[in-house]
Amino acid sequence: MPVLIPISTFFIGCHGLLALGLSYRVAIERTRTRIWHGASPSEVASQPNYLDHPNAWAEFVEKITQQSIVTKNIEYGVLQRTIRAHGNFTEYVPLSLIFLIALEWMQAGKGLLWMLGTLLTLARIAHAWGLIQTYGPSPGRAIGFFGTWLVYIVGSLACLYYSVQQFL
């Protein structure tokens, strides 16, 4: 059975794996810092400490993580930046992939589709890396957001162009 939108499908798969990787980083960082909700101790101060009266699941998780993951008392900014990298990814990638799907259905040029998909992939990797590694402006973040905005601009204009062509 032929795939109707093979280029879009390829980039959906790539971004699914990137989303999984970012989600994994958040889970590991939460485990290391033992901050299960929010991004800093002050944000969860009103919540009960799950270790004061742990249920069986909390005891199990604590035992496993103590044996397998080095917990740390570190600067909580890493957790905040990791959460934001994942959040930013989920804010921008879906619409960008919809551009690819729509353009492929409209039979846009393969070069345009590969260019947009590749640029989006590289931009989102650069943005996540830049955001997680440094606080504040960084080359990775700049490359990431400018690359993503370029995908938005070109994708939007291409969608408008191909849709208007259908009306003429």
Side-chain angles (χ1 to χ4, degrees), residues 7-102 113-156:
I7 298 170
S8 300
T9 302
F10 173 80
F11 285 111
I12 290 168
C14 290
H15 287 89
L17 293 175
L18 288 173
L20 178 64
L22 289 170
S23 178
Y24 174 78
R25 287 201 59 149
V26 171
I28 290 299
E29 199 60 32
R30 285 195 179 284
T31 302
R32 285 184 181 154
T33 59
R34 291 187 174 130
I35 297 178
W36 304 106
H37 304 283
S40 68
S42 62
E43 290 180 356
V44 296
S46 63
Q47 300 175 18
N49 182 347
Y50 72 98
L51 292 176
D52 285 346
H53 304 288
N55 60 32
W57 179 251
E59 285 180 357
F60 171 75
V61 169
E62 185 66 15
K63 181 180 177 187
I64 295 298
T65 59
Q66 288 298 304
Q67 293 172 356
S68 60
I69 297 174
V70 176
T71 56
K72 59 184 178 180
N73 294 321
I74 54 110
E75 176 246 332
Y76 295 104
V78 175
L79 176 59
Q80 292 170 335
R81 292 190 310 270
T82 303
I83 290 169
R84 275 313 309 143
H86 180 261
N88 195 279
F89 183 92
T90 62
E91 292 163 5
Y92 282 95
V93 169
L95 183 57
S96 299
L97 293 175
I98 290 171
F99 291 147
L100 286 176
I101 293 167
L113 297 170
W114 280 105
M115 186 266 308
L116 289 174
T118 302
L119 177 59
L120 179 65
T121 303
L122 295 175
R124 298 322 305 165
I125 290 170
H127 186 272
W129 176 80
L131 182 56
I132 292 169
Q133 296 300 318
T134 61
Y135 179 79
S138 70
R141 287 182 77 180
I143 291 166
F145 73 75
F146 281 126
T148 302
W149 287 358
L150 184 58
V151 169
Y152 264 53
I153 292 166
V154 173
S156 296

When rounded to the nearest 0.5 angstrom, what distance separates [atom1] in [X] from [atom2] in [Y]?
X     : Y      : atom1 : atom2 : result
Arg84 : Leu79  : CZ    : CG    : 12.5 Å
Ile28 : Thr33  : CD1   : OG1   : 11.0 Å
Ile7  : Thr118 : CD1   : OG1   : 9.5 Å

Which is it for Arg81 and Thr134 under the side chain to side chain contact (heavy atoms under 4.5 Å, CB included) test, yes or no, and what are the steps along the way? CA-CA 8 Å; Arg81 292 190 310 270; Thr134 61; 5.9 Å; no
Check whether any side-chain heavy atom of [X] lies under 4.5 Å from a side-chain heavy atom of [Y], and answer yes or no.
X      : Y      : result
Leu18  : Phe89  : yes
Leu100 : Ile12  : no
His127 : Thr148 : no
His15  : Leu120 : yes
Val154 : Leu116 : yes
Arg30  : Ile83  : yes
Leu22  : Ile132 : yes

Would you say the ring centroid of Phe145 lies under 6.0 angstrom from that of Tyr92? no
Name the orientation class of the two ring planes belonging to Trp114 and Phe10 (parallel below 30°, tilted from 30 to 60°, perpendicular beyond 60°). tilted
Judged by atom type as modelled, is there a donor-acceptor pair below 3.5 Å linking the side chain of Thr31 to the main-chain atoms of Ala27? yes
Judged by atom type as modelled, is there a donor-acceptor pair below 3.5 Å linking the side chain of Arg141 to the main-chain atoms of Leu131? no
Closest heavy-atom contact between [X] and [Y]?
X      : Y      : result
Leu113 : Phe11  : O-CE1, 4.1 Å
Ala126 : Gly144 : CB-N, 4.3 Å
Gly87  : Thr90  : O-OG1, 2.8 Å

Residues, nucleotides or ligands: over 12 heavy atoms within 6.0 Å of Arg25 CZ: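 For Arg25, atom CZ is not crowded (no more than 12 foreign heavy atoms under 6.0 Å).
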Who are the ring-ring contact (aromatic ring centres under 6.0 Å, His included) partners of Tyr24, not counting sequence neighbours? none
